[in-house]
Trainee: 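Quick one: structure below, then a few questions.
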Amino acid sequence: MTGTVIRTLSASDTHLFDAHPDPLGAREGHRRTTFRPDWKRVALRGGEVVARGAWWGGPEDAEPVNINWFDVAEGHEEAGAELLRSAPWQVELEINLPGDWRERAEPRSAAEARFSAARAAGYELLVERFLYRWTPECGLPERPGRLRFEAEPDDGVFFEALRRIHSATLDAHALKAIAEGGLDRAAQEELDFFHWCPSPREWWQTARTPDGELAGIHVPAHNPSGPTIGFIGVLPGHRGRGYAYDLLAECTRTLVEHGAESITGATDRTNHPMAANFTRAGFPVVSERVNFRPPGRTA
């Protein structure tokens with residue numbers, strides 16, 4: 001698109017990022033998120049901002065983890081594509097949407113403009129997800145009391161549990177990692193994420209049956225934006241007994257016991273069992289997310 005200027009921002013001109021409409025309510029969704037000014041980029045035509053993107057990562061990260069704020073004015077999808085193509089970081093793109101975006105014309109049209117720009121830049125759809133947020137008004141989920149939870153200092157125990165969990169998984173990110181590098185890759189990516197979170201290592205817990213058999217793991221965590229359900233996983237031999245709910249209840253209560261007043265969570269839209277467990281535990285869906293993988297990262 002001729003006449004398009006791509007600009008990386010600095011602390012002195014971040015106001016340009018705010019000069020774009022916000023039809024999907026991204027600003028409210030990111031009220032707890034800290035973005036670095038030089039990880040924000042805009043596309044301008046005739047001096048007007050027609051697309052913007054904010055890349056995000058932890059405070060110690062040398063490069064962004066993903067793009068989790070991306071807006072494109074309708075009719076300027078190619079400018080949005082150029083914004084993505086020209087970025088020095090080719091990382092996963094997250095597009096956050098209202099839960100009812102499919103039913104309302106304005107957010108549906110805004111979403112489709114973003115999807116078109118992403119595809120034009122070579123990004124491919126990975127997965128659609130439900131995003132949840134628990135608050136005290138939701139009430140604490142009851143502990144069924146069927147499993148024994150305990151801290152486990154050995155990363156090897158978690159690594160092997162993750163390999164077994166991902167040997168029969170519905171999670172799109174895990175399936176992508178398996179396709180790219182096998183079960184070891186998928187397990188290691190999860191472990192790396194757990195360690196990346198700034199929450200204490202001793203929060204990680206195993207879950208055992210009354211006879212001591214390992215049934216699952218859960219990881220209460222804080223990401224840089226706050227408390228979150230880091231991971232819930234039941235080993236294949238123990239599925240079909242509803243243990244994922246037990247793990248989710250324990251994970252939620254553990255975070256509350258450590259002071260959490262709001263807890264986020266997420267699962268793939270196609271992971272119907274986990275979605276049902278979030279509902280049972282009192283986690284309402286607050287929005288949805290569509291994840292695109294960057295060019296050259298197809299499985």
Side-chain angles (χ1 to χ4, degrees), residues 1-31 33-57 61-129 131 176 225 287-298:
M1 176 180 289
T2 59
T4 300
V5 175
I6 306 297
R7 184 165 170 181
T8 299
L9 303 182
S10 65
S12 64
D13 58 7
T14 54
H15 63 279
L16 286 174
F17 193 87
D18 300 324
H20 192 279
D22 187 22
L24 297 177
R27 188 171 308 285
E28 172 61 20
H30 288 304
R31 66 186 185 281
T33 309
T34 300
F35 293 105
R36 303 185 198 181
D38 57 336
W39 285 1
K40 290 181 174 181
R41 308 177 84 234
V42 296
L44 302 102
R45 280 183 60 80
E48 177 186 359
V49 176
V50 295
R52 64 182 173 185
W55 282 250
W56 176 84
D61 290 340
E63 294 188 348
V65 172
N66 57 35
I67 316 164
N68 67 3
W69 190 340
F70 177 59
D71 287 326
V72 182
E74 293 178 43
H76 294 278
E77 288 82 356
E78 179 54 32
E82 181 59 24
L83 181 73
L84 297 175
R85 279 194 298 263
S86 63
W89 321 283
Q90 294 299 302
V91 291
E92 190 166 302
L93 168 63
E94 298 180 350
I95 299 177
N96 294 329
L97 303 164
D100 61 351
W101 68 273
R102 293 173 180 82
E103 287 73 50
R104 294 192 293 123
E106 182 179 6
R108 184 173 66 250
S109 181
E112 289 172 350
R114 287 151 182 76
F115 300 163
S116 294
R119 291 189 176 100
Y123 283 71
E124 294 189 1
L125 177 67
L126 175 61
V127 68
E128 298 180 14
R129 312 197 82 203
L131 304 186
K176 177 173 75 71
S225 298
S287 59
E288 294 189 18
R289 173 176 293 158
V290 180
N291 293 70
F292 287 83
R293 54 188 165 201
R297 291 295 303 274
T298 56

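We number each residue from 1, following the sequence as shown. Predicted model only: the values in this text are computed from it and were never measured. Basis for what follows: all heavy atoms, side chains included, without hydrogens, waters or symmetry-related copies.
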Trainee: What are the two closest non-hydrogen atoms of Pro23 and Glu106, and how far apart are they?
Mentor: CB-OE2, 3.9 Å
Trainee: Kindly compute the distance separating CD (Glu78) from OG (Ser116), expressed to the nearest 0.5 Å.
Mentor: 11.0 Å
Trainee: Return the CZ to CG distance between Arg27 and Asp18, rounded to the nearest 0.5 Å.
Mentor: 4.5 Å
Trainee: May I ask you to test the Asn96-His30 pair for a side-chain heavy-atom distance under 4.5 Å?
Mentor: yes
Trainee: Looking only at atom types and distance, does a side-chain atom of Gln90 sit under 3.5 Å from a main-chain N or O of Leu84, one as donor and one as acceptor?
Mentor: yes
Trainee: If every non-hydrogen atom of Ala43 is compared with every non-hydrogen atom of Ala79, which pair is closest and at what distance?
Mentor: CB-O, 3.9 Å
Trainee: Working to the nearest 0.5 angstrom, can you tell me the gap between Arg119 CZ and Glu124 CD?
Mentor: 9.5 Å
Trainee: Rounded to the nearest 0.5 Å, what separation is found between the OG1 atom of Thr34 and the CH2 atom of Trp39?
Mentor: 12.0 Å
Trainee: Between Val290 and Leu125, is any pair of side-chain heavy atoms under 4.5 Å apart?
Mentor: yes
Trainee: Is any side-chain heavy atom of Leu131 less than 4.5 Å from a side-chain heavy atom of Ser287?
Mentor: yes
Trainee: Determine whether more than 12 heavy atoms belonging to other residues, nucleotides or ligands lie under 6.0 Å from atom CD of Glu112.
Mentor: yes
Trainee: What's the shortest heavy-atom distance between Ala121 and Pro295, and which atoms?
Mentor: O-CG, 3.4 Å
Trainee: Pick out which of Arg129, Arg102, Arg108 makes a salt bridge (charged side-chain N to carboxylate O under 4.0 Å, His left out) with Glu288.
Mentor: Arg102
Trainee: Would you say Arg114's side chain and Phe70's backbone share a donor-acceptor pair under 3.5 angstrom?
Mentor: yes
Trainee: What I want to find out is whether Arg85 reaches Glu82 closely enough, with some N-O distance under 4.0 Å, to be called a salt bridge.
Mentor: yes
Trainee: Do Pro98 and Leu24 have side chains that approach each other closer than 4.5 Å (heavy atoms only, starting at C-beta)?
Mentor: yes
Trainee: Has the side chain of Arg36 got a donor or acceptor atom that lies under 3.5 Å from a matching backbone atom of Trp55?
Mentor: no
Trainee: Is there a side-chain contact between Asp13 and Arg7 (heavy atoms, below 4.5 Å)?
Mentor: yes
Trainee: Please evaluate residues Phe35 and Asn68 with respect to the criterion side-chain contact (heavy atoms from CB on, under 4.5 Å), reporting the C-alpha separation (whole Å), side-chain torsions for both, the decisive distance (0.1 Å), and the verdict.
Mentor: CA-CA 10 Å; Phe35 293 105; Asn68 67 3; 3.0 Å; yes
Trainee: Just by modelled atom types, is the Ala105 backbone N or O under 3.5 Å from a matching donor or acceptor in the Ser109 side chain?
Mentor: no
Trainee: If you compare all heavy atoms of Ala111 against all heavy atoms of Leu97, which two are closest, and at what distance to 0.1 Å?
Mentor: CB-CD2, 3.6 Å
Trainee: Just verifying a value: how many Å separate Ile95 CD1 and Phe292 CZ, rounded to the nearest 0.5 Å?
Mentor: 5.0 Å
Trainee: Do the side chain of Arg41 and the main chain of Leu83 share a donor and acceptor less than 3.5 angstrom apart?
Mentor: yes
Trainee: Do Arg52 side-chain atoms and Phe17 backbone N/O form a donor-acceptor pair below 3.5 Å?
Mentor: yes
Trainee: Can you tell me how far CD1 of Ile67 sits from CH2 of Trp56, rounded to the nearest 0.5 angstrom?
Mentor: 13.5 Å
